[in-house]
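Computed from a predicted model, the values in this text were never measured in an experiment. Quick note on labels: first sequence line is chain A, next is B, and so on, each numbered from 1.
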Amino acid sequence: MRNIFLICKKELKSYFASPIAYAVMALFALIFGWLFSGYTHYFAQRGMEAMMQQQPVNVNESIIRPMLGFASTIALFLIPMITMRLFAEEKKSGTIELLMTSPIRDIEIILGKWLGSLLLYICVLLMSALNVALLFAWGKPDLKPVLVAYLGLILQGGCLLAIGTLISTMTKNQIIAGGVTFFVCLLLWMLSIATAFDTSVTAQVLNYCSIVTHIENFNKGVLDSKDVIFYLSMIFLALFLTSRSMESLRWRS
Amino acid sequence: MIKVQGLTKRYARTVAVDDISFEVEKGQIVGFLGPNGAGKTTTMRVLTCFLPPTAGTANICGFDVLENPMEVKKRIGYLPETPPLYPEMEVNEYLTFVGQIKGIPGADIDKRVAEVIGRCALGDVRAKLIGKLSKGFRQRVGIAQAIIHNPDVLILDEPTSGLDPKQIIEIRELLKALAGEHTIILSTHILSEVEQSCERVIIISQGKLVAQDSVVNLTNRLRGAEAVSLEVEATEGKPDPTEVQGRLEQVAGVSRVMMKDSKGGRLTFEVESLQGRHIRADLARSVVNSGWNLSELRAVGLSLEDIFLQLTTAEPKQEGGQK
């Protein structure tokens with residue numbers, strides 16, 4: 001337990017000692033800020049019209065939900081930047097030898113690194129929370145669906161981060177780790193398109209495996225155990241494979 | 001303290017370490033010697049539980065590297081060929097981190113860090129980023145990292161590679177100071193280093209153990225064969241060099257005569273004896289009886305360098321012959 005915490009702390013420190021953390025947070029804040037100003041502007045116009053027609057307007061429905069929907073897409077691009085260095089850098093510089101010859105278990109190293117990356121990802125999401133907080137200051141959105149949507153984002157992020165961690169153990173080259181992670185994430189994202197072409201069982205299974213299929217419910221504010229379990233089991237699977245991959249490192253290298 | 005038996009490590013196509021056995025007693029400094037690619041690093045990686053052996057066992061402080069890696073890891077300090085440093089950390093911070101993951105309890109950590117900083121003379125750079133340090137300092141941080149948890153066994157892979165002579169001396173001195181309380185294995189391909197800082201040598205070549213003995217024994221063993229430098233005066237082309245060489249070769253016990261030099265009226269030869277033969281007296285008699293003037297006769301010791309070359313180059317030839 002102490003070791004997981006130590007590794008996690010070390011990872012977070014090195015994220016913030018390098019430009020990566022700031023770059024990722026700034027990029028996200030920029031894109032999200034732009035979306036935010038666009039949506040609020042549009043909402044202000046639409047709101048006026050709707051009020052005249054005496055239709056109800058909803059901040060949750062028309063601003064927060066689409067914005068956080070976009071956030072999960074932006075994450076797709078940011079996550080490879082976060083995970084690519086996790087193991088690839090240590091393998092390249094040889095520090096992996098220090099970790100692997102210290103009295104800590106492989107799984108503690110993996111969990112520590114994954115938690116570190118997850119915490120950075122949460123910091124990135126907090127950038128968006130600034131904008132959302134403004135809505136709470138001047139409007140009366142419903143809090144619960146927002147929290148559920150954030151939980152969804154964190155679970156989805158944790159899942160992609162675990163996959164990125166796995167890929168990072170496979171190479172010494174950070175660029176390759178980042179690139180492959182990006183394409184794997186993209187693939188998992190695009191699987192949801194499968195049902196657009198046909199409705200066979202295969203297509204439905206593929207659609208089910210897509211990471212975006214499961215975020216939709218969260219985004220609507222619906223907390224479904226089915227989706228939570230999907231993400232948790234994906235995280236478990238990816239981290240389990242990471243530990244296998246790390247063990248094979250010992251036998252191969 | 002360290003017991004290795006029949007250790008073999010095979011990679012996909014190559015055998016890196018082939019059936020090596022040796023033992024190291026507590027408190028010894030052992031030099032691990034071999035040309036590049038002989039299997040030194042692989043052996044060390046097995047001992048540190050970084051790589052599992054393909055066959056054979058390695059036992060450190062009574063714990064097997066395969067069965068009880070956690071206990072082994074607690075008891076070894078390891079400096080890999082490139083020191084495992086995080087350039088974005090400060091020296092202090094780095095040593096604290098390593099101390100923590102090596103399992104030093106939180107209360108003792110600051111004391112230990114201060115101790116190794118003093119020991120490795122890192123006081124001036126303790127608050128500097130590791131990425132900004134010179135090579136010599138990085139190497140010292142590497143050693144500090146290996147000794148921070150006061151391990152019983154210290155395994156150092158080429159601790160002096162890439163350092164300047166002054167730094168090498170400093171590191172050597174540090175190692176000597178550490179020797180009493182720790183058992184040290186250090187690998188190197190520089191021989192003078194072994195002669196100076198090790199009590200025992202283990203020589204491996206192409207994954208096989210070719211010799212293990214104390215430095216003194218090893219040098220003596222090969223001194224059994226004498227090498228003699230011999231000088232004969234010559235005036236106006238007499239005596240004829242080939243005639244002298246021929247005469248020397250006839251002396252009993254001589255294995256080889258080499259003409260070294262024939263300048264300034266002196267003919268210099270280097271004569272090697274067969275194993276265990278003393279030839280100096282016979283050589284002198286032979287020269288004097290031929291009526292030539294013997295101006296110098298002196299034993300040339302075989303250095304560790306020669307031994308090393310003999311041991312590591314003879315082996316591959318034999319193998320080639322078998323194939």
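- Heavy atoms of B:Q145 lying under 4.5 Å from chain A belong exclusively to its side chain.
- With a 4.5 Å cut-off on side-chain heavy atoms, B:L156 and B:S187 do not count as touching.
- In this structure, chain A has a heavy atom under 4.5 Å from the side chain of B:V98, while its backbone stays farther away.
- When ring centroids are compared, A:Y22 and A:Y15 stay outside the 6.0 Å threshold.
- For the set B:P80, B:P52, B:G103, the entry with the most heavy-atom pairs within less than 4.5 Å of chain A is B:P52.
- Scanning all heavy atoms of the two residues, the minimum distance from A:I107 to A:S243 falls at CD1-CB, 4.2 Å.
- Of the two parts of B:L85, only the backbone, made up of N, CA, C and O, holds a non-hydrogen atom closer than 4.5 Å to a non-hydrogen atom of chain A.
- Between A:M100 and B:K73, the closest side-chain pair of non-hydrogen atoms is not below 4.5 Å.
- Between chain B and the residues A:R2, A:K10, A:E89, the most heavy-atom pairs under 4.5 angstrom are made by A:K10.
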### Message
Would A:S102 and B:K102 count as a side-chain hydrogen bond (donor to acceptor under 3.5 Å, both in side chains) here? Give the steps.
### Response
CA-CA 6 Å; A:S102 294; B:K102 297 281 179 187; 3.2 Å; yes
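- Between chain A and the residues B:E93, B:Q100, B:E88, the most heavy-atom pairs under 4.5 angstrom are made by B:Q100.
- In this structure, no portion of B:E71 lies under 4.5 Å from any heavy atom of chain A.
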### Message
Set out, in order, the CA-CA distance, both residues' side-chain angles and the distance that settles side-chain contact (heavy atoms from CB on, under 4.5 Å) for B:T57 and B:V4, then state yes or no.
### Response
CA-CA 6 Å; B:T57 57; B:V4 174; over 6 Å; no
